[in-house]
Amino acid sequence: MTIDPRSHTPVYVQLADLLRERIESGALPAGSAVGSETRLTQEYGIGRDAVRMAISVLRSEGLVTTNRSRGTVVREAPERRRVELLPGASVIARVPSVNERRAMQLDEGVPVLEVRGPEGDVEVLPGDEVELTRPPS
């Protein structure tokens, strides 16, 4: 798939779709570099702002991380731990606060799960590291 500048779909969305497809297919495995802004700009013939916006979309989806030393890389899928919901418990998914994001070292785009126990106790868990289960009935 190539980028069509005449398409009704913005070029940054097209690039995000292309890169997402490569990540999901395994062509860009976890830990691999997505490519520098310059390389992606030249390879796809689009502007630097469009590349930045596409990377931002993928970062908000939790697919990539960006840092100054390594650039943009495909994010490792975190190991999930099982959390069993007690009868009468409820769960709310929400955007974490700045302090929660720092404390849990969450990447941009990763939600938190607020688990409310039957006694009213609340536990906030990183949404990408938890698998919620129900007790067998």
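In the hydrophobic clustering of this structure, Leu28 groups with Ile55; members are Ile, Leu, Val, Met, Phe, Trp, Tyr whose side-chain heavy atoms approach within less than 4.5 Å, directly or through other members. Following chains of ILVMFWY side-chain contacts shorter than 4.5 Å, one cannot reach Met104 starting from Val130, and the two form parts of different hydrophobic clusters. By the rule that hydrophobic residues join a cluster once side-chain heavy atoms approach within less than 4.5 Å of another member, Tyr44 and Ile23 end up as members of one cluster. Linking Ile, Leu, Val, Met, Phe, Trp and Tyr residues whenever their side-chain heavy atoms come within less than 4.5 Å places Leu40 and Val64 in a single cluster. Under the 4.5 Å side-chain heavy-atom criterion for grouping Ile, Leu, Val, Met, Phe, Trp and Tyr, Val83 is connected to Leu113 within one hydrophobic cluster.
Although no hydrogens or angles enter the test, the distance criterion places no donor-acceptor pair under 3.5 Å between the side chain of Arg94 and the main chain of Pro111. For Gln42 (side chain) and Arg39 (main-chain N/O), no donor-acceptor pair under 3.5 Å exists by modelled atom type. The backbone N or O of Leu63 sits nowhere less than 3.5 Å from a side-chain atom of Arg75 that would complete a donor-acceptor pair.
With a 4.5 Å cut-off on side-chain heavy atoms, Arg20 and Glu61 count as touching. Contact of the Leu19 side chain with the Val34 side chain is registered, since non-hydrogen atoms from C-beta on lie closer than 4.5 Å. Annotation: side chain of Arg80 is not in contact with side chain of Glu129 (no heavy-atom distance under 4.5 Å). Looking at heavy atoms from C-beta onward, Met53 lies out of side-chain contact with Leu15 at the 4.5 angstrom threshold. The closest side-chain heavy-atom distance from Pro135 to Pro87 is below 4.5 Å. In this structure the side chain of Val124 reaches within 4.5 angstrom of the side chain of Glu100, judged on heavy atoms. Put simply, the side chain of Arg59 reaches to within 4.5 Å of the side chain of Thr66, judged on heavy atoms.
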Between Ile92 and Arg116, does a side-chain contact (heavy atoms from CB on, under 4.5 Å) hold up when you go through it step by step? CA-CA 8 Å; Ile92 298 170; Arg116 294 184 183 276; 4.0 Å; yes
For a side-chain contact (heavy atoms from CB on, under 4.5 Å) check, start with the C-alpha distance between Val73 and Thr65, then their side-chain angles and the critical distance, and finish with the verdict. CA-CA 6 Å; Val73 296; Thr65 59; 3.5 Å; yes
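Heavy atoms only, all atoms of each residue included: Ala16 and Val57 are closest at CB-CG1, 4.1 Å. Across Val74 and Pro29, no two heavy atoms sit closer than the pair CB-O, 3.4 Å. Contact between Thr133 and Arg82 at its shortest, heavy atoms only, is CG2-NH1, 3.8 Å. Nearest heavy-atom pair, Gln14 versus Thr2, reported as atom, atom and distance to 0.1 Å: OE1-O, 4.0 Å.
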Contacts under 3.5 angstrom, residues 3-13 side chains, donor-acceptor by atom type, not counting sequence neighbours:
from : atom 1 : to   : atom 2 : distance (Å)
Asp4 : OD1    : Arg6 : N      : 2.9
Ser7 : OG     : Thr9 : N      : 3.0

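Rounded to the nearest 0.5 angstrom, Thr38 OG1 and Glu43 CD are separated by 12.5 Å. Residue Arg70 holds its CZ atom at 9.0 Å from OG of Ser32, rounded to the nearest 0.5 Å. Rounded to the nearest 0.5 angstrom, Leu125 CG and Glu131 CD are separated by 13.0 Å. Residue Arg81 holds its CZ atom at 9.5 Å from CG of Leu132, rounded to the nearest 0.5 Å. Here CZ of Arg22 is found 8.5 Å from CG of Leu18. Values are rounded to the nearest 0.5 Å. With values rounded to the nearest 0.5 angstrom, Arg52 atom CZ is found 4.0 Å from Glu37 atom CD.
In this structure, Glu119 places its CD atom where only 12 or fewer heavy-atom neighbours from other residues, nucleotides or ligands lie under 6.0 Å away.
Between the side chains of Ser97 and Asn99, not a single donor N or O lies within less than 3.5 Å of an accepting N or O.
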